[in-house]
Amino acid sequence: MSDTEPRDFIRQIIHEDLESGKHQQIVTRFPPEPNGYLHIGHVMSICLNFGVAAETGGRTYLRFDDTNPGKESEEYVEAIERDVRWLGFDWEDRLTHASDYFEPLYDAAVSLVKMGSAYVDSLSADEIREYRGTLTEPGKNSPYRDRPVEENLDLLERMRAGEFPDGEMLLRAKIDMSSPNMNLRDPALYRIRHISHQHTGDAWSIYPMYDFAHTMSDAFEEITHSLCTLEFEDHRPLYNWFLDQLKPAHRPRQIEFSRLNLAFAITSKRKLNALVEENIVAGWNDPRMPTIAGMRRRGYPAAALREFVKRGGVTKKDKLIEMGVLENCVRENLGDESERRMAVLRPLKVVLTNYPEDEVEMMEAMNHPGRPELGTRQLPFSRELWIEQDDFMEEAPRKFFRLKPEGEVRLRFGYIIRCDDVIKNDAGEVIELRCTYDPDTRSGTGTSDRKVKGTIHWVSCAHAVDANVRLYDRLFTVANPNSADDFHAVLNADSLKTVVAKMEPSLAALAPGQPVQFERLGYFCTDSEEHTEQAPVINRIVTLRDSWAKLEKQAMQQQG
RNA sequence: UGGGGGAUCGUCUAGUGGUAGGACUGCGGACUCUGACUCCGCCAACGGGGGUUCGAAUCCCUCUCCCCCAGCCA
């Protein structure tokens with residue numbers, strides 16, 4: 001970070017704490033619950049937590065907040081580790097679990113009981129809800145609230161020993177049932193769950209609640225700045241209450257920031273899970289999903305995701321960032337990084353009537369217009385070619401400078417051709433174009449300075465490689481599907497289209513995960529799950545900007 | 001109607017009593033063997049009303065709107 005770049009409010013606090021000597025080193029943590037896959041919102045938290053530590057020579061823990069067995073699983077643990085690593089962050093030897101601290105956590109709970117700050121309640125879940133009051137009315141004390149310390153200690157011990165069924169007893173903090181902050185109305189500390197834990201097996205039959213486990217885990221790990229999202233803002237008094245009561249050697253500070261919401265995307269684990277469970281998408285890593293795994297499979301570079309988050313900033317204001325910002329980051333990265341190739345998504349045959357039947361010429365094509373060091377490749381050119389259906393119009397508007405009857409166009413890295421005849425089937429659809437080429441206009445020869453306005457891409461029929469290409473679009477039709485009553489009603493029915501494309505031969509050997517630009521179309525990569533060299537499956541990462549498409553769209557709207 | 005937060009171009013974000021700036025989008029143009037890239041230009045904001053001050057996005061008062069909280073979820 002340069003000196004001129006403004007710092008967000010969290011980085012300001014951190015730098016002040018460093019300068020004042022309050023902390024020698026910054027320690028943060030990223031604490032996901034392993035009950036789902038990480039999504040774009042988590043990317044922000046990861047970049048923030050790992051970022052501020054890395055920038056200041058501090059360190060960051062990857063801590064699994066695994067306090068609710070039954071909802072959590074090892075599959076998610078592995079996916080989360082993979083995703084964080086892929087994003088470019090390293091926790092080194094600091095991979096921990098809240099469950100690593102179950103023993104000291106229990107000790108802390110015992111301490112609270114001993115100091116009269118916690119008690120075992122025997123009210124049912126329903127009764128507790130009734131006793132809690134409402135937003136505008138205070139709650140009332142549980143009749144078990146004043147159990148003697150010895151009795152509480154005994155009950156807690158027996159809870160741990162598994163003597164009671166689920167829900168029979170509950171350890172609660174003794175704070176204030178009339179607090180206007182609901183979190184302070186004697187929040188639960190430990191609940192009974194006779195269920196085995198993915199990490200601790202059957203060692204426990206009671207499990208700590210988030211607020212307690214999270215606060216104390218932060219303290220145990222000597223976290224200096226515990227960064228979380230806004231919805232935990234009114235948990236902070238409880239966070240601080242634990243610290244005030246238990247006075248751990250280290251006192252972390254919680255700071256909240258607003259979550260990152262992406263327009264046209266959902267970032268609720270519940271809803272994401274529903275998309276998967278209902279087979280609306282093909283899994284957590286479906287390329288349409290806003291999950292890290294999905295975006296990786298789609299072909300979004302990790303660097304583009306990091307840049308996106310950086311542009312979003314860190315504030316306390318609710319945000320809904322336009323999809324275009326993300327796509328722009330992806331294009332920017334890929335434009336520099338990826339080699340160019342040619343492929344035709346919706347093929348239309350062109351026959352060059354004046355080109356020799358059996359001749360094949362090799363055309364030299366640049367792999368990147370801005371980076372000559374990436375070299376060139378040879379493209380076979382022959383009498384029969386595929387061009388894009390969209391690149392021909394029988395009745396073209398004035399500004400359409402692609403191929404039209406009697407019109408001329410340049411074939412990229414090839415010749416200028418002229419359209420002589422249009423061949424149609426019985427249904428009246430154009431199925432073939434008869435064209436002539438101008439032998440004096442071969443690319444790179446400089447034998448002709450003849451210019452035409454349009455340049456289109458092509459693939460030689462005889463040499464083309466077929467590929468299933470998946471064209472993705474946003475999953476939802478509204479900017480904020482998070483707030484829709486029923487997300488099913490706002491699903492985009494056309495979020496996935498598949499076409500059989502014709503690709504230049506060099507693409508048959510496209511390395512897995514290697515993004516390329518199909519000239520004039522967009523960025524593409526092989527699908528990590530289904531692609532084989534024999535049966536290529538390619539994902540479209542993002543289209544190129546297309547000012548022609550924009551013009552067309554406007555024209556359509558003007559016509560109504 | 002209890003408590004906790006938040007309001008700056010369409011979107012995101014700077015600003016910390018002294019010319020409201022940047023990015024993305026949009027619009028117009030240049031360039032182009034990718035209608036891409038690049039370059040140039042333009043449009044566009046301090047939620048409302050009062051006050052303090054030579055001067056207010058910034059300080060004070062007031063109003064309005066938005067978000068979060070009543071799990072033995074995190």
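Per chain, numbering begins at 1; letters A, B, ... match sequence-line order.
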Can you tell me the pairing partner of [N] across any strand shown, Watson-Crick or G-U wobble, with both distances under 3.5 angstrom?
N     : value
B:G41 : B:C27
B:C46 : none
B:A7  : B:U64

Among the candidates [options], find the nucleotide nearest to the side-chain atoms of [X].
X        : options             : answer
A:Pro180 : B:A74, B:G3, B:U34  : B:G3
A:Leu135 : B:G10, B:U34, B:G2  : B:G2
A:Arg410 : B:C72, B:C33, B:U34 : B:C33
A:Thr134 : B:U34, B:A70, B:C33 : B:A70
A:Arg132 : B:C24, B:C68, B:A70 : B:A70
A:Ile128 : B:A23, B:G4, B:C72  : B:C72
A:Thr315 : B:G5, B:A14, B:C73  : B:A14
A:Asp234 : B:C72, B:C33, B:G3  : B:G3
A:Lys453 : B:U32, B:U34, B:G5  : B:U32
A:Arg412 : B:U34, B:A7, B:G5   : B:U34

Aromatic ring proximity, centroids under 6.0 angstrom, [Y] and [X]:
X        : Y        : result
A:Phe413 : A:Trp458 : no
A:Tyr300 : A:Phe308 : no
A:Tyr61  : A:Phe30  : no
A:Phe476 : A:Phe264 : no

[X] [atom1] - [N] [atom2] separation (whole Å):
X        : N     : atom1 : atom2 : value
A:Glu231 : B:G6  : CD    : C1'   : 14 Å
A:Lys317 : B:G10 : NZ    : C1'   : 12 Å
A:Leu326 : B:C24 : CG    : P     : 15 Å
A:Lys319 : B:G10 : NZ    : P     : 18 Å
A:Leu238 : B:G71 : CG    : C1'   : 14 Å
A:Phe257 : B:G5  : CZ    : C1'   : 15 Å
A:Asn181 : B:A70 : CG    : C1'   : 11 Å
A:Asp336 : B:U34 : CG    : C1'   : 15 Å

Side-chain N or O of [X] less than 4.0 angstrom from OP1 or OP2 on [N]?
X        : N     : result
A:Arg191 : B:A74 : yes
A:Arg331 : B:A36 : no
A:Thr67  : B:C73 : no
A:Lys316 : B:C68 : no
A:Arg402 : B:G35 : no

Give one of base, sugar-phosphate or nothing for [X], where a contact means two heavy atoms less than 4.0 Å apart.
X        : answer
A:Gln554 : sugar-phosphate
A:Glu137 : nothing
A:Phe232 : base
A:Glu233 : sugar-phosphate
A:Ser124 : base
A:Lys269 : nothing
A:Gly370 : nothing
A:Pro369 : base
A:Phe400 : base
A:Arg185 : nothing

Within the 3.5 Å criterion, strictly below it, is a donor on A:Glu256 or A:Gln254 matched to an acceptor on the partner's side chain?
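Note: A:Glu256 and A:Gln254 side chains meet the donor-acceptor criterion.
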When A:Phe212 is tested against each of A:Tyr239, A:Tyr101, A:Phe242, A:Trp241 for ring-ring contact (aromatic ring centres under 6.0 Å, His included), which residue passes?
A:Phe242
If each of A:Ile321 and A:Phe413 is mapped to the nucleotide of RNA chain B with the nearest heavy atom, which maps nearer the 5' terminus, i.e. the 5' end?
A:Ile321
Between A:Glu332 and A:Tyr210, which is nearer to the 5' end of RNA chain B once each is assigned its nearest nucleotide?
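On the 5' side of the pair lies A:Glu332.
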With hydrogens left out and only the distance checked, is there a donor-acceptor pair under 3.5 Å joining A:Glu256's side chain and the base of B:G5?
no
Determine whether a donor-acceptor pair (one donor, one acceptor, N or O, separation below 3.5 Å) exists between the side chain of A:Arg311 and the base of B:U13.
no
Pairwise P distance for B:C39 and B:A23, with rounding to whole Å
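After rounding to an integer number of Å, I get 10 Å for this pair.
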Within 45° of the ring axis of A:Trp204 and under 6.0 Å from its six-membered ring centre, is that where the NZ or CZ of A:Arg160 lies?
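Cation-pi check for A:Arg160 and A:Trp204: passes.
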Decide whether a cation-pi geometry holds between A:Arg147 and A:Tyr119; the criteria are a distance under 6.0 Å from NZ or CZ to the six-membered ring centre and an angle within 45° of the ring axis.
no
With syn defined as a glycosidic angle within 90° of 0 and anti as the rest, where does B:G55 land?
anti
Could you walk me through whether A:Glu127 and A:Arg129 pass salt bridge (Lys or Arg N to Asp or Glu O under 4.0 Å), step by step?
CA-CA 5 Å; A:Glu127 288 167 326; A:Arg129 191 177 317 119; over 6 Å; no
